[in-house]
Amino acid sequence: MRTEEQSWAKRRVVLKISGDGFTQPGERGIVMNAIIQLAEQIARASQNTQIAIVIGGGNILRGTQFTAASRGIREATAHYMGMLATVINGLALQDALEGLGCETRLMTAIRMEGVAEPYIRRRAWRHLEKGRIVLLGAGTGRPFVTTDTAAAQWALELEAQVVLKATRVDGVFSDDPERNPHAVLFSFLTYEDYLSKNLGVLDREAVTKCMQYGMPIRVFNFRREGNLERALAGEKIGTLIAGSPPLA
Ligand code: UDP
């Protein structure tokens, strides 16, 4: 069983940033100021932590926007379009990080050598050991899942201590906090609790995969000042989803 407290030479995390992080509240597309704010926090935290970032794409396109009933575009095609959206975000974040002096590598699960390296586990591992921030684009490379599942998959492959899921709410709530002001924030949930309560912050496939291999997930609000750095540093903010509660 992995725990978030495990102390290796350097902490290694997989950070999932949803498409919301690449734009401003209520907007779509790319807003470079929002990306630079993320990059500044990531750059500071990267001194002490090995960081692999799984990039979302919902600010541009999600495959589920195109259902079987949509005319002209097949659902699988739409999912591939969503994966390409994550690469667009990844390129923007890469430039923002490099503008701050960080060394980065963008790796993609769909080969596109003109813009990024193909994802090869051992190579990603090596980049992390060398202190490079690894940006993971194109999700898992397969349609009909989301980048949450990619985050779970890459965290397991790269033997990260935790999946950090950056969202626009404070963690996992009993109900949608943007609609129900009485929704209660959980500080800890077992994987089973999360799945049985049908909670909606992460996709079930990702949580099931983490449950199977004991990979902890921390969900937190990246829009609160300093939270991204705090999560990267291992502070207990937001909600932890794991097999057992954290040590006091
Ligand atoms: N996607 C996919 N396979 C993957 C990852 C992503 O098909 O392994 C597609 C899917 O359509 C998804 C879109 O890419 O909706 C953008 O990713 P996601 O919805 O996870 O972005 P986020 O919600 O994090 O912004």
Side-chain angles (χ1 to χ4, degrees), residues 13-31 34-35 37-38 42 51-70 72-93 106-112 115-116 118-121 124 134-158 163-169 171-172 176 178 199-210 215 217-223 228 231 238 241:
V13 304
V14 164
L15 170 65
K16 156 71 205 288
I17 305 179
S18 67
D20 294 326
F22 294 82
T23 188
Q24 254 152 14
E27 287 187 28
R28 295 182 68 81
I30 285 192
V31 175
I35 300 175
Q37 273 177 22
L38 286 180
I42 295 165
I51 306 172
I53 306 174
V54 172
I55 316 279
N59 55 317
I60 299 173
L61 189 144
R62 290 195 175 93
T64 47
Q65 285 168 234
F66 299 85
T67 62
S70 309
I73 189 157
R74 288 172 184 267
E75 198 166 340
T77 308
H79 286 293
Y80 280 105
M81 291 162 70
M83 286 185 259
L84 296 183
T86 72
V87 180
I88 294 174
N89 285 337
L91 285 166
L93 181 58
L106 175 61
M107 308 185 94
T108 55
I110 297 173
R111 295 182 83 93
M112 46 184 100
V115 290
Y119 172 79
I120 297 168
R121 185 181 69 88
V134 175
L135 308 176
L136 299 162
T140 62
R142 312 292 349 148
F144 300 104
V145 290
T146 74
T147 52
D148 286 351
T149 302
Q153 177 71 31
W154 301 153
L156 291 169
E157 290 197 13
L158 297 171
V163 173
L164 296 173
K165 158 112 178 172
T167 72
R168 58 184 193 197
V169 292
V172 182
D176 181 351
E178 289 177 348
L199 300 168
V201 181
L202 285 132
D203 77 44
R204 296 176 65 82
E205 191 162 338
V207 176
T208 304
K209 183 141 246 167
C210 287
M215 172 63 65
I217 307 164
R218 186 169 289 280
V219 181
F220 67 97
N221 186 342
F222 69 87
R223 288 215 170 111
L228 190 46
I241 306 171

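Numbering of ligands and ligand atoms starts at 1, following listing order. By convention here, the first residue in the shown sequence is residue 1.
Remark: the D203 side chain and the T149 side chain contain an N/O donor-acceptor pair separated by less than 3.5 Å. Y80 and R142 are linked by a side-chain donor-acceptor pair at a separation below 3.5 angstrom, with hydrogens and angles left out of the test.
Residues meeting the side chain to side chain donor-acceptor pair (under 3.5 Å) test with D148, sequence neighbours left out: K16, K165. Not counting sequence neighbours, the partners of R28 by the side chain to side chain contact (heavy atoms under 4.5 Å, CB included) test are Q65. Partners of E157 according to the side chain to side chain donor-acceptor pair (under 3.5 Å) rule, which considers only residues two or more places apart in sequence or in another chain, are Y119, Q153.
In this structure a side-chain-to-backbone donor-acceptor pair under 3.5 Å is missing from S18 to G56.
Residue-level contacts of ligand 1 at the 4.0 Å heavy-atom threshold are K16, S18, G19, G56, G57, G58, L61, R62, G63, H79, G82, M83, G139, T140, R142, P143, F144, V145, T146, T147.
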